[in-house]
Amino acid sequence: MPKDSQCSSEEVLCDICGTMIRARGLVSHMRKCEKQERLRIEQAELAEILQESAKTHEYYFFGAIDLSVEPQPQQDDIKVEYHPHNFSRHHSMEDSVPRSTSLWEPFRTRLDFEVAEIALEAAMTKDQTNRLFNLLHHSACGKEAFTLQSHDEVRSFWEMASEWFTPFQSSVVSVKYRSEVHDFNMYSRPLWDWALDLLRDSRFAKHFLFLHCFTHFFDEPWTANTFWDAQSRLPPDAKPLAFILYADKNKLSSFGTQKGYPIITRIANLPVEIRNGVGVAGGQVVGWLPIVNENQKDSGKASFVNFKNAVWHESFLQLIESVIQHSKTGYWFDCGDLIQCLLWPIILILSADYEEQCIMSLIRGLKGKFPCPVCLVPQDMQSIYTEELTLRTSAESQQVLKTARLAKMKETRENHLKAFSLRDVENIFWKVHHCDIHHALSWDRMHANNGGLWSDHLWVELQFWITDLGREAAVQIDSNFDAFPRWPDLQHFSRVMKIDFTDSATHEDISKLVVFAAQNILTRTESKLGYLLLRCICRFVMFDMYAALEVHTEDTIAAGRETLCEFSTLLDEYITKSEPQTGKNWNFPKKHSNVHVFDDILAKGATRNYNMKPNKRMHGPLRAIYLRRTNFKNVATQIIHYDHWLLTSTSMCSEIDDLDEYTCQQVVDPEAGEEIKEVATHTYLGARRGSQSFSQIEQEHAADTAFSGFRIRLNRFLNECLPCFEIPFPDGRRVHFRPDDQVTVFQYLRVNYESMAQDQPFFAHLIFLFCCSIGKIILSFTLIHPYDVAIGHCRRQDIDLGLYRVRAKPRASLEFISVESIIQGAVLASDPATAGDYFIVDTINTNIFLQIKSLQAHCVNQFECLALTVSD
């Protein structure tokens, strides 16, 4: 037993009360005993005095006060008068004695209670609590000594450990406004030094990818055109080191007014699972921008807006100053994988919402003549879809500012800048070689679609037309949403018409299901404009699915452009026909920004490369630091300091995990034989119910015709199926299960999607999952209810709304199939108008979406051929 454990368990005698006490609690116990002893003595002396006075009828005088005479009330005295029936308790000495000597019960020991109290006070999670307890047990067993003594010592160790990473630096940014210079504090890590930290780390250096050959698949940034063009402009041996930068002002508390302005960066050369992850090589806070406070006197004035933009750019310059220098010459560096590279920094992607994009590009925003930061679309033509747009360039913007500043009159200068919707501020991104600010700005699916065009416009319009049909229609659509089956990563809604607050993720899930829920409500006969809007929403959701693809080809990009064009055409028709009733203005940037989606994909890869979701998620930990680790004053320095420690901790944990894995590999017994590797399978069965005999299965499901003759049908299926897959019969004899033979039953199935099926797939409902032994082989099967009844020709409404209809066979027509033959899971929504008919919900993920599109193409061709025959 460790020495510390021995000391804590020894008992010593208390000199005051004479009881045996543990040594570690002796000091506090003796302090309490001394206090109680003094109180006991005082009470005994007072009781003796009162007893003597009662015997002799003598009254004692304390000072000048006669206790025998009732004192007269004085001014400001407060008199307490008790009710005659008032009952008061007389407290004796015994009342102060603790009720027990084990007041920490039901905790087994006092130490248990005190540790649990710390966990409760710190609001530790289940995982954190378990980790703490494991460490305490680890130390108590003597496996490793715990030597930390105080909070100050812990801080000193974190300070030393954090020196491995580039620290934050503080700089003062001075900007002139109205003949007065204003100073602001900017906190940042030098961006180039931060990138070199990753490159010198052998854990990540091997994952950095640079362009080697051109590919017609567009997914990662290095497979797209901008990376290719940058490589072509650099020296032959140079390697582009591409940065993704994000900035967004956000509230640090839901109830307070304090705001934070973090800058987050990622390296585009790393694979997306690392780059968009939460580890050291994922997104990191590299800067904290100052926020210019507004007052009523200056708010809204053009000069003050220019001043705020100038502060932003001068502050951002402190972050990228080192990148600007190396973007001219490159930088030779020995990476962590011992390969020397000539690194050439480029700012490839700027991820931001519309407000931040206006600041980054220094355009005038919503009310400008050309409100788009990427192209020169007129303000009154944002609702019109066209691919014939004049793109902005940094060179042209720089020339416009240069020409404007040559004008002697302020009014002339302003008018020239207004003609291009630019501000009279120099853009610091112009200083970075091989960077065009307008091309680096990227379309964000979360803000433009889910939290923009859909949530604020299409969804609001749809609610209008549903409400227009009356209360029953609103109740029906809520009921249809509630009837959807539950599915992983898809929210289930019991109601949608009266949701008060929803985020973009919730709106995304509503948009994926709304066509299926509303198709029997907003029909052509009930609501012509509502039906037209539903057709628009169908094309919008299809466009959004194409935009969400993680891997693109030239075919998917062409299909996405075509879908966007169809959506825009239908929406233009809806705008024209509904304007007299709704009076809605559709000229806004989020609708127009969709024009640039597929150009961005060609230039910078799939939209997940510049989606703001991974960066938005980082605001949560920053808010937690603000609430739990600051004193709510001068919070910027406290937040970035603690965030730097978290980076250090994350890195050290990762390295320790690698060390543990390496150590385990080194201690493997060489005589233990070759390790059997677990082979990744196409499917996984879980939620095991246990074993059941065939007689039990048939008896349990006796009322269900699907299980009639379950054992005999399975025997027949196996005897026909096994030879087809070249699986030998056990002992050369046909399969013949007996009633008491058993199978293992499961209730969960996960399918790893591999590729689109080559043959014509069909849909089925899983009824019963099980494994059975055939000789020495264990095979997985499922009883299914096929949904493959021939539908005939597609309905006009199904084609208009992109619905793929399937129909169930009779319940008695169930079949057995191998679990390995399942391609992937799918959600089916029942058609309330036709019993036994279902729609495939192809919007739950991009894989099923592409599969259904290929099946629908065949269906549409059949319909067009039929229409042509009828017309002839």
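Note: Asp436 CG to Asp229 CG = 12.0 Å, rounded to the nearest 0.5 Å. Expressed to the nearest 0.5 Å, how far OG1 of Thr223 lies from CG of Leu209 amounts to 11.0 Å. Summarising the geometry, atom CD1 belonging to Ile656 is positioned 8.5 Å from atom OG belonging to Ser649; distances are rounded to the nearest 0.5 Å. In this structure, CG in Asn450 is found 6.0 Å from NZ in Lys613, a value given to the nearest 0.5 Å. The OG atom of Ser442 sits 5.0 Å away from the CD1 atom of Ile349 when rounded to the nearest 0.5 Å. Considering CG of Leu234 and CD1 of Ile346, their distance stands at 7.5 Å, rounded to 0.5 Å.
Across Pro190 and Thr166, no two heavy atoms sit closer than the pair CD-CG2, 3.7 Å. Closest of all the heavy-atom pairs between Trp344 and His326 is NE1-O, 4.1 Å. Closest non-hydrogen pair, Leu252 versus Leu627, comes out as O-CG, 4.5 Å. Closest of all the heavy-atom pairs between Ile324 and Val432 is CG1-CG2, 3.7 Å. What you find for Ile347 and Leu350 is that their closest heavy atoms are CG2-CD2, 4.0 Å. Pairing each heavy atom of Lys604 with each of Thr226, the nearest pair is CG-OG1, 4.4 Å.
Contact check on Arg275 versus Glu220 returns a salt bridge, with a Lys/Arg side-chain nitrogen under 4.0 Å from an Asp/Glu carboxylate oxygen. Salt bridge Lys308/Glu294: present, at least one basic N to carboxylate O contact under 4.0 Å. Classification of Asp248 and Lys616 as a salt-bridged pair holds, one side-chain N sitting under 4.0 Å from a carboxylate O. By the 4.0 Å N-to-carboxylate-O rule, Arg445 lies close enough to Glu508 to be salt-bridged with it.
Applying the salt bridge (Lys or Arg N to Asp or Glu O under 4.0 Å) test to pairs two or more places apart or on separate chains, none has a residue in residues 150-176. A side chain to side chain donor-acceptor pair (under 3.5 Å) check over residues 629-639, counting only residues at least two apart or in different chains, returns the pairs Arg629-Tyr642, Asn631-Gln638.
Donor-acceptor pairing under 3.5 Å is recorded for the side chains of Ser651 and Arg203. Asn134 and His137 share no side-chain donor-acceptor pair at under 3.5 Å. Inspection of the Thr109 and Asp112 side chains reveals an N or O donor paired with an N or O acceptor under 3.5 Å.
Here the side chain of Asp643 pairs no donor or acceptor atom with the backbone of Leu622 at under 3.5 angstrom. Remark: the backbone N or O of Glu314 is paired with a side-chain donor or acceptor of Gln318 at under 3.5 angstrom.
Two rings, from Phe307 and His182, have their centers less than 6.0 Å apart. Between Trp192 and Tyr331, the distance separating the two ring centers is shorter than 6.0 angstrom.
The side-chain heavy atoms of Arg266 and Tyr246, taken from C-beta on, include no pair separated by under 4.5 Å. Put simply, the side chain of Val280 reaches to within 4.5 Å of the side chain of Leu647, judged on heavy atoms.
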### Task
Any chance you could lay out the side chain to side chain contact (heavy atoms under 4.5 Å, CB included) test for Val292 and Phe304, step after step, and finish with the verdict?
CA-CA 10 Å; Val292 181; Phe304 186 71; 3.9 Å; yes

### Task
Applying side chain to side chain donor-acceptor pair (under 3.5 Å), run through Asp657 and Ser654 and close with a yes or a no.
CA-CA 5 Å; Asp657 290 341; Ser654 176; 6.0 Å; no

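With Phe316 as reference, Phe429 is the one residue of Trp288, Tyr261, Phe184, Phe429 to meet the ring pair (Phe, Tyr, Trp, His ring centres under 6.0 Å) rule.
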